[in-house]
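Report on the structure given below.
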Number of protein chains: 2
Amino acid sequence: MSKPVNPDSEARRPAPDARKERWRKHRQARRAEFVDAAIRALGKHGPDVGMDDIAAEAGVTKPVLYRHFTDKADLYLAVGHRGTELLFQRLVPALNTETAPRPRIKQSLTAFFSVIDEFPNVYRFITGRHLPAESDVVHEDKEMIAAALATLLGDYMRAFNMDSGGAEPWAHGIVGLVQNTADWWLDRQSMSREAVVDYLTQIIWAAIDGILRDAGATVDPDAPFELPGEAHLHAVPEPAETERETTRSSGGASA
Amino acid sequence: MSKPVNPDSEARRPAPDARKERWRKHRQARRAEFVDAAIRALGKHGPDVGMDDIAAEAGVTKPVLYRHFTDKADLYLAVGHRGTELLFQRLVPALNTETAPRPRIKQSLTAFFSVIDEFPNVYRFITGRHLPAESDVVHEDKEMIAAALATLLGDYMRAFNMDSGGAEPWAHGIVGLVQNTADWWLDRQSMSREAVVDYLTQIIWAAIDGILRDAGATVDPDAPFELPGEAHLHAVPEPAETERETTRSSGGASA
DNA sequence: GAGTATCTGTTACTTGAGGTAACGGTTACT
DNA sequence: AGTAACCGTTACCTCAAGTAACAGATACTC
């Protein structure tokens, strides 16, 4: 801000000084480290940890934390992104594998359940009511999954010359169906993981099959079914540990 | 605490003084009044209202509020109960009407959607991430609806000599399916209420029908289907505006 | 009617967690 | 050598939740 830049300087902006660049990777690593600490602290003190506790868990004091996260919400958002990353790493490949419908459903469910089974605390924290509204990452995630599902369903339906208007509500419905059942299962653990997954596979396929049937189509759930130009949920879309602007520039030069 | 009671006095505890009794109804009314104010204030200032604002909205100051609610969480819990009451008033009759399966599904969905359509702000607040975890009423509500659904499904399934193990996960699944779709619809409003309800009716019946079909049974969705000793979700189970203990007795005389 | 239990309400305070200011030290680029 | 970015600290500010302490009404009990 101190050196006045001439108007056309925007063209050659890269690296006026390497000292800034040098730290980029380091900062990301540090953020990740704090996210780990936050998760550990969350496990220790429960979901109402203070920033002091998190900082202590990371072996530093509060202001250090605030150099990397603008906010408690920002930190929790990063925790959320960590969860998203974990989930999508396993879910995306499962969803995108082009096999027969039913195994595809089942392997996607297995992916999902394996993640929440492995990190139940993180999952509960992220989906639970403990984070501030700004850190809500679940909504985005669900939107993303639902969007992928919607195009998938829509394509199938159009392939059968059906009206595809139901694709979107149904996609959101299926996402909710899975999540709510997962929450319930995680709470109760009243049956094995395989059992829930099987029950869910059954109901989801039953639903899809029923809808196809309503339109006069029948599909063998275990026969490979290829679609021209299949919809893909491309890798994890948010860079997960990307740092938000942390410096508090007091009012960025309007006009 | 000042007058020492003799040991056996617990037997004849009712009404030593009518002055206590006299106010009971009044307190309930007052609480309800504050709940109204809270909802109004929520509408005005958004979901991060302060207790001062709520008090002001009710025409009083904070301490008055705290005489009726132990806590912000307590107040929000009462707001939640109000919502539950609103919902169950319409949902319970719809669910319990014994008609053919499909119209029954549809009228239940219509009931649900009409409520959230009529009170979107309340709905969003209650289901959203703004209340403290202690005020979560949605979880209970969903459990209750799912439980009713589970017995219903279970009874049907047993009537067909099917294994009823799926009833519970499916019940929770359907609840989640509806809620998530409702959230999506409320956000986007990209189709009419009737349309979502129809799509949901279709997928839910498709799912149930498919499951029955897997077991070799077929049911006409529009033919009345009576079941011996049908499961009922009995009226709204929580007294909605019941007051929690508000007096802060400083440490109840241990030993 | 005197006494009092329970409400009505107020202003002024305490508390605690989130967040910040201001300082000093270290590394490695220019 | 100079400096731009980091490392880290202690001590503070802020603001909303929640509390103390006080004073006036109403309507029951004796």
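Protein chains get the first letters and strands the later ones, always in sequence-line order, with residue 1 at the start of each.
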Can you identify which nucleotide, out of dT8(C), dG9(C), dG18(D), has its nearest atom closest to the V60(B) side chain? dG9(C)

T61(B) side chain N/O closer than 4.0 Å to the phosphate oxygens (OP1, OP2) of dG9(C)? no

Is any side-chain N or O of H26(A) closer than 4.0 Å to OP1 or OP2 of dA5(D)? no

Look at the side chain of V64(A) and decide which nucleotide, out of dG18(C), dT9(D), dT19(D), has an atom nearest to it. dT9(D)

Is the shortest side-chain N/O distance from R30(B) to OP1 or OP2 of dT8(C) below 4.0 Å? yes

Between R27(A) and dA5(D), does any side-chain N or O lie under 4.0 Å from OP1 or OP2? no

Selected nucleotide, minimal atom distance to D71(B) side chain, candidates dG18(D), dG18(C), dT19(D): dG18(D)

State whether H45(A) places a side-chain N or O below 4.0 Å from either non-bridging phosphate oxygen (OP1 or OP2) of dA17(C). no

Short side-chain N/O contact from R67(B) to OP1 or OP2 of dC7(C), under 4.0 Å: no

Nearest-nucleotide pick for Y66(B), side chain only, options being dA21(C), dG19(C), dT19(D): dT19(D)

For D71(B) and Y66(B), does a side-chain donor sit closer than 3.5 Å to a side-chain acceptor? no

Closest heavy-atom contact between R67(B) and R27(B)? O-NH2, 3.4 Å

Under 3.5 Å donor-acceptor pair, K62(B) side-chain atoms to dG18(D) base atoms: yes

